[in-house]
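This report refers to the structure that appears directly beneath it.
All values reported here derive from a predicted model rather than from experimental measurement. By convention in this document, chain letters (A, B, ...) are assigned in the order of the sequence lines, proteins followed by strands, and residues within each chain are numbered from 1.
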Protein chains: 2
Amino acid sequence: MKTKTRSSAASLPLNQILAGDSIDVMNSLPEGSVDLIFADPPYNLQLRGDLHRPDNSKVDAVDDAWDQFDSFKVYDDFTREWLKAARRLLKPNGAIWAIGSYHNVYRMGAELQNLGFWILNDVVWRKSNPMPNFRGKRFTNAHETLIWASKNEAAKYTFNYEALKSLNEGIQMRSDWVLPICNGGERLKNEDGDKAHPTQKPESLLHRILVGTTNPGDVVLDPFFGTGTTGAVAKMLGREFIGIEREEKYRKVAEKRIAAVRKFDKDALHVSTSKRAEPRVPFGQLVERGMLRPGEELYSMNGRKKAKVRADGTLVSNDVKGSIHQVGAHLEGAPSCNGWTYWTFKRDGKNVPIDVLRQQIRAEMQ
Amino acid sequence: MKTKTRSSAASLPLNQILAGDSIDVMNSLPEGSVDLIFADPPYNLQLRGDLHRPDNSKVDAVDDAWDQFDSFKVYDDFTREWLKAARRLLKPNGAIWAIGSYHNVYRMGAELQNLGFWILNDVVWRKSNPMPNFRGKRFTNAHETLIWASKNEAAKYTFNYEALKSLNEGIQMRSDWVLPICNGGERLKNEDGDKAHPTQKPESLLHRILVGTTNPGDVVLDPFFGTGTTGAVAKMLGREFIGIEREEKYRKVAEKRIAAVRKFDKDALHVSTSKRAEPRVPFGQLVERGMLRPGEELYSMNGRKKAKVRADGTLVSNDVKGSIHQVGAHLEGAPSCNGWTYWTFKRDGKNVPIDVLRQQIRAEMQ
DNA sequence: GACTTGGTTGAATCGGATG
DNA sequence: CCATCCGATTCAACCAAGT
């Protein structure tokens, strides 16, 4: 796995900002070489004329030329092409994040599904400090939508469940994220004090995405790099990035920004892992090592059932024989059972889960 | 307006649940006769196998035949047809709400745009008590998405800004709504104790939609009526409803439910009206009524600019003449200006906004 | 009656390694 | 490719029964 990453990485322009059209540049890169894509494409905002606040200050709206599309057709074609190029670049187990607002996200989501991407979640970025609706004609547009999708239905995508749960104070992470918009010191400004990019995303958003759905060393591509939030956070977190940006003024800002970023300590990049990632220990080892004697009795957690350990690492209860899981499932009439947490043994009059013994063995293995 | 509603209402099957296929029934109803459509179509969930909780109990999933579609193509065709029929039914200033999850909402949103609907907001229903992700493989699917769209870009849709603001404790209502899922006493059960419908929506959701985007007496159509949450809330709130439901078992439950609903008192239905809906008061009236004398000077809020009132209700400042709004805009170099809040007059040495005078007139009008 | 405890449930695209 | 087996995994709200 590591070797494969390295070998394909060798031919990749890592930690660089490539100049040019997103689709062309993506098509020039080697197929199946990227772990994750984060894409913040033009939104196709259909603002009619300028928007003004009640106090007459002008809202610096997204009105740059690159954001104008004369019809849904043009936007759909553009969307399909960049998504196609992106999908080609992904490794078999790769995934994509794409962000949008109601102006474009429905078209983007539909094209994404049409191309074979498999939606895993949509995530709502709930802005803690959105711009109010000055005219009082609609709801405050207080969120944007992110679509998280794997390359296809079969892909074994990366999902650091425990790390995300830790980020959320021990409760599993939900599909709605409350994060502030990017302003204050984080918001990049030109020399004239204007914002350097109209839609700079907050680093907190990319932090959660990269911690949650990539591993250190993974290659993250951003085809609409802008001022480089993806690159900056990737560098901090010890991921490799590839940026593509057409406009020189954005590339310049991004390069300066990323050069100033310091990578976190390696220890800080280590995230909580799930039990699934730990080495497998067969129950029979507990018997071989003498931690449990053949003939010793195990008791279910609630104390209602019992079974006898046999020398080959199977259990027997009445006429039922089999693994700790099989016997537990049978006794409970359940479709499955985790024997490690179901069974206990007696020591000094107390019932101890057998999983304690497995943890002892795992500790010795390190 | 009222007459028109009544005349078209006369030929409409109001406050009834129509049996049959949504598209067929909609096409049999008169064109341009409905103020609002709320649609909760099948989501096309593509569930593979069974799902069990960590305690081995089985999740009662949506496996009904009405949610099964063979392909995206079939689902898209279905979506396009019901949306087309729905749009035909809407009055020129009508609007639609459609709810979905990531399985279907992107396709629905794109078709909706393709048909000429004009998206006003998408609204995220953040569930306070969603079902967790039992396998730890994704984010908790904690929200559903509602799309609010007018019949076309030009439609003067209904939006009770002040009422929604009041519902939200004086703060402008945002595009993310935190509401609990429908359970407890509100959840309708069959005689055997099973849920009567797998996807019953909470009344709080419909309450907010109907208070916010309809007026008393409006006709609200729900083409996927189910157990009739839309009808129940419409009746409470003094709106007329039309339900369409294919399955008899759901119709029966809905009829019984709605019969038991009591309409709120008329007084309770009176919602805060937005300033926009308040009677318009021409500035000239202030002059006609002698509240301001011709020749009197007005001062801008910051005191830097001044202008003189003329007998015809226009202002003059240096060589600029025009309405309170036009002169204010010109003096500020702004494209627009709300003259009512921009200009003040002197009384007893103090600067008083001219809007105070407008409010006096409005108070007298009631 | 107040409080605690245990059981149930909700629109869900919910494994992975080994042989 | 398929079959088999291991074994990891849940939050908030409501309700009924017990203390």
With heavy atoms under 4.0 Å as the rule, sort [X] into base, sugar-phosphate or nothing.
| X | result |
| --- | --- |
| A:Arg276 | sugar-phosphate |
| B:Asp67 | base |
| B:Asp40 | base |
| A:Gln326 | sugar-phosphate |
| A:Pro282 | nothing |
| B:Pro41 | base |
| A:Ile119 | base |
| B:Thr199 | base |
| B:Asp50 | base |
| B:Asn141 | sugar-phosphate |

Report yes if at least one side-chain N or O of [X] is closer than 4.0 Å to OP1 or OP2 of [N]; otherwise report no.
| X | N | value |
| --- | --- | --- |
| A:Tyr161 | D:dT10 | yes |
| B:Arg187 | C:dA11 | yes |
| A:Gln172 | D:dT9 | no |
| A:Asn338 | D:dA8 | yes |
| A:Arg174 | D:dT10 | no |

Integer-rounded Å distance: [N] [atom2] and [X] [atom1]:
| X | N | atom1 | atom2 | answer |
| --- | --- | --- | --- | --- |
| B:Lys195 | D:dA13 | NZ | C1' | 15 Å |
| A:Lys275 | D:dT9 | NZ | C1' | 10 Å |
| B:Met131 | D:dC14 | CE | P | 17 Å |
| A:Glu278 | C:dG15 | CD | P | 20 Å |
| B:Asn129 | C:dT8 | CG | C1' | 14 Å |
| A:His325 | D:dC5 | NE2 | P | 12 Å |
| A:Arg362 | D:dA8 | CZ | C1' | 11 Å |
| A:Lys165 | D:dA8 | NZ | P | 14 Å |

Using the [atom1] atom in both, what is the distance from [N] to [M], to the nearest Å?
| N | M | atom1 | result |
| --- | --- | --- | --- |
| D:dT10 | C:dG6 | C1' | 16 Å |
| C:dG1 | D:dA16 | P | 16 Å |
| C:dA12 | D:dT9 | C1' | 14 Å |
| C:dA11 | D:dC5 | C1' | 32 Å |

**Asked** If we call it a pair only when both distances are under 3.5 Å in a Watson-Crick or G-U wobble match, what pairs with C:dC14?
**Response**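 C:dC14 is unpaired by these criteria.
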**Asked** For D:dT9, which nucleotide in any strand shown is its Watson-Crick or wobble partner with both distances under 3.5 Å?
**Response**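 WC or wobble partner does not exist here.
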**Separation of A:His143 NE2 from A:Trp177 CH2 (nearest 0.5 Å)** = 14.5 Å
Measure from NZ or CZ of [X] to the centre of the six-membered ring of [Y] and say whether it is under 6.0 Å with the direction within 45° of the ring axis.
| X | Y | answer |
| --- | --- | --- |
| B:Arg174 | A:Phe139 | no |
| B:Lys127 | B:Trp125 | yes |
| B:Arg107 | B:Phe72 | yes |

Is it the case that the base of [N] and the side chain of [X] share a donor-acceptor contact (distance under 3.5 Å, atom types as modelled)?
| X | N | answer |
| --- | --- | --- |
| B:Arg53 | C:dG10 | yes |
| B:Thr140 | C:dA12 | no |
| B:Lys201 | C:dA11 | yes |

**Request:** Would you mind telling me which residue lines up with the more 5' stretch of DNA chain C, B:Gly49 or B:Asp55, judged by nearest nucleotide?
**Result:**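 Result: B:Asp55.
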**Item:** Residue met sooner reading DNA chain C from 5', once B:Cys182 and B:Phe134 are mapped to nucleotides
**Value:** B:Cys182
From the options [options], select the nucleotide whose nearest atom is closest to the side chain of [X].
| X | options | result |
| --- | --- | --- |
| B:His103 | C:dA12, C:dG10, D:dA13 | C:dA12 |
| B:Trp66 | D:dG7, C:dA12, C:dA11 | C:dA11 |
| B:Lys137 | D:dG7, C:dG10, C:dC14 | C:dC14 |

**Message:** For the NE2 atom on A:His330, are there more than 12 heavy atoms of other groups (residues, nucleotides or ligands in this structure) within a distance under 6.0 Å?
**Reply:** no
**Prompt:** More 5' along DNA chain D: A:Ile171 or B:Arg135, using each one's nearest nucleotide?
**Reply:** B:Arg135
**Fill in**
DNA chain D nearest-nucleotide lookup for B:Gly184 and A:Ser323: closer to the 5′ end is A:Ser323
**Asked** Is it true that A:Glu296 and A:Lys308 have a side-chain N and a carboxylate O under 4.0 angstrom from each other?
**Response** no
**Pair A:Arg126-A:Asp176, salt bridge (charged side-chain N to carboxylate O under 4.0 Å, His left out): steps then yes or no** = CA-CA 7 Å; A:Arg126 181 191 186 265; A:Asp176 52 332; over 6 Å; no
**Prompt:** Is the closest side-chain heavy-atom distance between B:Phe241 and B:Phe38 below 4.5 Å?
**Reply:**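 Counting from C-beta outward, B:Phe241 and B:Phe38 never come under 4.5 Å.
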